[in-house]
Amino acid sequence: MRVALNRADLRRPFPADLVQVMTGATVTGLSRRAKYGLMHLDRGATMIFHLGMSGRWRIDPETAEPHDHLLLETAQHRFALCDPRRFGSVDLVGTHALDTWPQFAALGPEPLGPGLSAAYLKAALKGKTQSIKLSLLDQRIVAGLGNIYVCEALWRARVRPTKQAGKVTGPQLARLVPAIVDVLEASIRDGGSTLRDYARPDGKLGYFASSFDVYGRTGESCRRGDGGMIARIAQGGRSTWYCPVCQK
DNA sequence: CGTGTGCCCTGACAGC
DNA sequence: TGCTGTCAGGGCACAC
């Protein structure tokens, strides 16, 4: 493939050898770990990208955009990594060393994999005084959950986001695991969550946002019909939405 | 060590 | 119609 950079950095600098390593390489596969995308190359290297909050790959773009920072061109397609806020990142790691890459080595289990269970959560959260909301956002506890899905999962499991993680009860943990799985599977099925600027690579919108039970529903009534009014609070500098009636 | 805070950056939107 | 303030799907450095 052909490779071009339009600037030197996103969140951090692009790898110094990115263009040299990727130019002429062939993509042998794509995969994902937590919120990172992986592009495996035929020369023993893997490009790892994170889309941050505003990043997306534009496929066969007809026009250039100001925030197209990295351009790839294969025999079949052109790809532009567009990221207005530049909260994303691109790294280059030896394919044999992916598991020991520091950002991966510290990650918790995948929520849709076999590692997430009530027993695991009980052990991982034991003694933690931090809120369950912030603990679930911690990628070292569970890999890949973001603000929307943590809020939605806690509502489904009827757990109050401010509850200390170490004090979440056994029955609550038992509800939390399927709640996390269900909310992720539902969102994947609906094509993701379009808020302001997110779109799928083909430009289509994700419709899971229309299914939110709490996210962004400040002041609206709880869908459980318990008379609760969805509240918005701040935790760790991020917004949390929950129902004060059914989430305990 | 665990926990909490603030900041990186641009753009969209609400309210005046 | 401009202006201003606020907020955003995340992660990290840093202070205590």
Side-chain angles (χ1 to χ4, degrees), chain A residues 6-14 32-37 48-58 65-70 80-91 101-108 111 123-155 161-168 180 183-188 190-201 204-219 231-241:
Chain A
N6 286 333
R7 60 175 296 123
D9 57 44
L10 296 177
R11 159 178 297 284
R12 49 180 180 266
F14 286 104
R32 178 196 62 78
R33 177 78 172 99
K35 298 176 186 174
Y36 296 87
I48 303 174
F49 60 90
H50 193 301
L51 297 176
M53 299 217 284
S54 60
R56 63 194 175 110
W57 283 102
R58 303 201 306 127
E65 289 198 3
H67 301 294
D68 288 346
H69 306 306
L70 168 64
L81 180 58
C82 181
D83 184 5
R85 290 178 71 185
R86 304 203 302 275
F87 274 26
S89 61
V90 172
D91 292 283
W101 189 50
Q103 280 95 324
F104 283 178
L107 288 173
L125 301 177
K126 184 175 183 178
K128 286 186 82 72
T129 58
Q130 185 186 49
S131 68
I132 183 65
K133 157 76 185 301
L134 291 178
S135 292
L136 291 177
L137 277 178
D138 185 339
Q139 305 295 294
R140 297 169 299 182
I141 305 288
V142 184
L145 297 181
N147 200 36
I148 288 178
Y149 301 112
V150 168
C151 290
E152 294 294 313
L154 287 169
W155 180 84
T162 52
K163 188 165 186 132
Q164 287 188 9
K167 293 184 175 177
V168 177
I180 290 168
V183 75
L184 291 178
E185 289 183 343
S187 184
I188 291 168
D190 291 353
S193 305
T194 291
L195 294 181
R196 297 181 181 192
D197 48 13
Y198 166 81
R200 297 156 70 183
K204 291 178 180 171
L205 304 181
Y207 285 100
F208 187 67
S210 58
S211 305
F212 289 161
D213 289 305
V214 285
Y215 186 90
R217 296 189 66 238
T218 313
R232 175 185 164 191
I233 59 173
Q235 292 180 280
R238 324 280 301 276
S239 289
T240 299
W241 288 266

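Protein chains get the first letters and strands the later ones, always in sequence-line order, with residue 1 at the start of each.
In this structure, Ile48(A) atom CD1 and dG11(C) atom C1' are separated by 15 Å, rounded to whole Å. With rounding to whole Å, Arg238(A) atom CZ is found 15 Å from dT6(C) atom C1'. Per the geometry, CG belonging to Leu10(A) stands 14 Å off P belonging to dC12(C), to the nearest Å. One atom, CG of Leu125(A), and another, P of dG2(B), lie 13 Å apart when rounded to the nearest Å. At whole-Å resolution of the value, CG in Asp9(A) and P in dC12(C) are 16 Å apart. Separating the CE atom of Met53(A) from the P atom of dT10(B) is a distance of 13 Å, rounded to the nearest angstrom. Note: CD (Glu65(A)) to P (dG11(B)) measures 11 Å, nearest angstrom. Put simply, CG on Asn147(A) is 11 Å from P on dG11(C), counting in whole angstrom units.
Contact check for Leu81(A) versus His69(A): no side-chain heavy atoms found under the 4.5 Å cut-off. Side-chain contact between Leu184(A) and Leu145(A): present, with at least one pair of heavy atoms (C-beta onward) separated by less than 4.5 Å. Side-chain contact check for Gln164(A) versus Thr129(A): some heavy-atom pair is nearer than 4.5 Å.
Here Arg140(A) lies out of heavy-atom contact (under 4.0 Å) with every strand.
Checked against side-chain hydrogen bond (donor to acceptor under 3.5 Å, both in side chains), Thr218(A) has the following partners two or more places apart in sequence or in another chain: Trp241(A). Listed by chain and residue number, Asp9(A) satisfy the salt bridge (charged side-chain N to carboxylate O under 4.0 Å, His left out) test with Arg7(A) (two or more places apart in sequence, or in another chain).
Applying the salt bridge (Lys or Arg N to Asp or Glu O under 4.0 Å) test to pairs two or more places apart or on separate chains, none has a residue in residues 127-136 of chain A.
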Any chance you could encode DNA chain B as dot-bracket? Rule is Watson-Crick or G-U wobble with both distances under 3.5 Å; [ ] for pairs crossing earlier ones, | for another strand.
.|||||||.|||||||

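Listed in residue order, the members of residues 127-138 of chain A having a heavy atom less than 4.0 Å from DNA chain B are Lys128(A), Thr129(A), Gln130(A).
Nearest-nucleotide assignment on DNA chain C puts the 5′-proximal partner with Trp241(A), out of Trp241(A) and Gln139(A).
At the phosphate of dG11(C), OP1 or OP2 sits under 4.0 Å from a side-chain N or O atom of His50(A). Considering only side-chain N and O atoms, Arg232(A) lies under 4.0 angstrom from the phosphate OP1 or OP2 of dC7(C). The shortest distance between the side-chain N/O atoms of Ser239(A) and the OP1/OP2 oxygens of dA8(C) is below 4.0 Å.
Without hydrogens or angle criteria, Gln130(A) side chain to Ala165(A) main chain gives no donor-acceptor distance under 3.5 Å. Judged purely by atom type and a 3.5 angstrom limit, Asp68(A) has no side-chain atom pairing as donor or acceptor with the backbone of Ala80(A). In this structure, the side chain of Glu152(A) engages the main chain of Asp213(A) through a donor-acceptor pair within 3.5 Å.
Between dC9(B) and dC14(C), the two P atoms lie 15 Å apart (nearest whole Å). Rounded to the nearest Å, the gap between the P atom of dA12(B) and that of dG11(C) is 23 Å.
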For nucleotides 6-9 of chain B, tabulate all protein N/O to nucleotide N/O atom pairs closer than 3.5 Å, reporting atom names and distance.
{"residue": "dC9(B)", "atom": "O3'", "partner": "Arg86(A)", "partner atom": "NH2", "Å": "3.4"}
{"residue": "dC9(B)", "atom": "O2", "partner": "Arg85(A)", "partner atom": "NE", "Å": "2.9"}

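Of the candidates Ile141(A), Leu137(A), Thr162(A), Leu125(A), Leu125(A) is the only one forming a side chain to side chain contact (heavy atoms under 4.5 Å, CB included) with Ile132(A).
In this structure, Phe49(A) and Trp57(A) have perpendicular ring planes: the angle between them is above 60°, well past the 30° mark.
Distance check, rounded to the nearest 0.5 Å: CZ of Arg217(A) to CH2 of Trp155(A) gives 8.5 Å.
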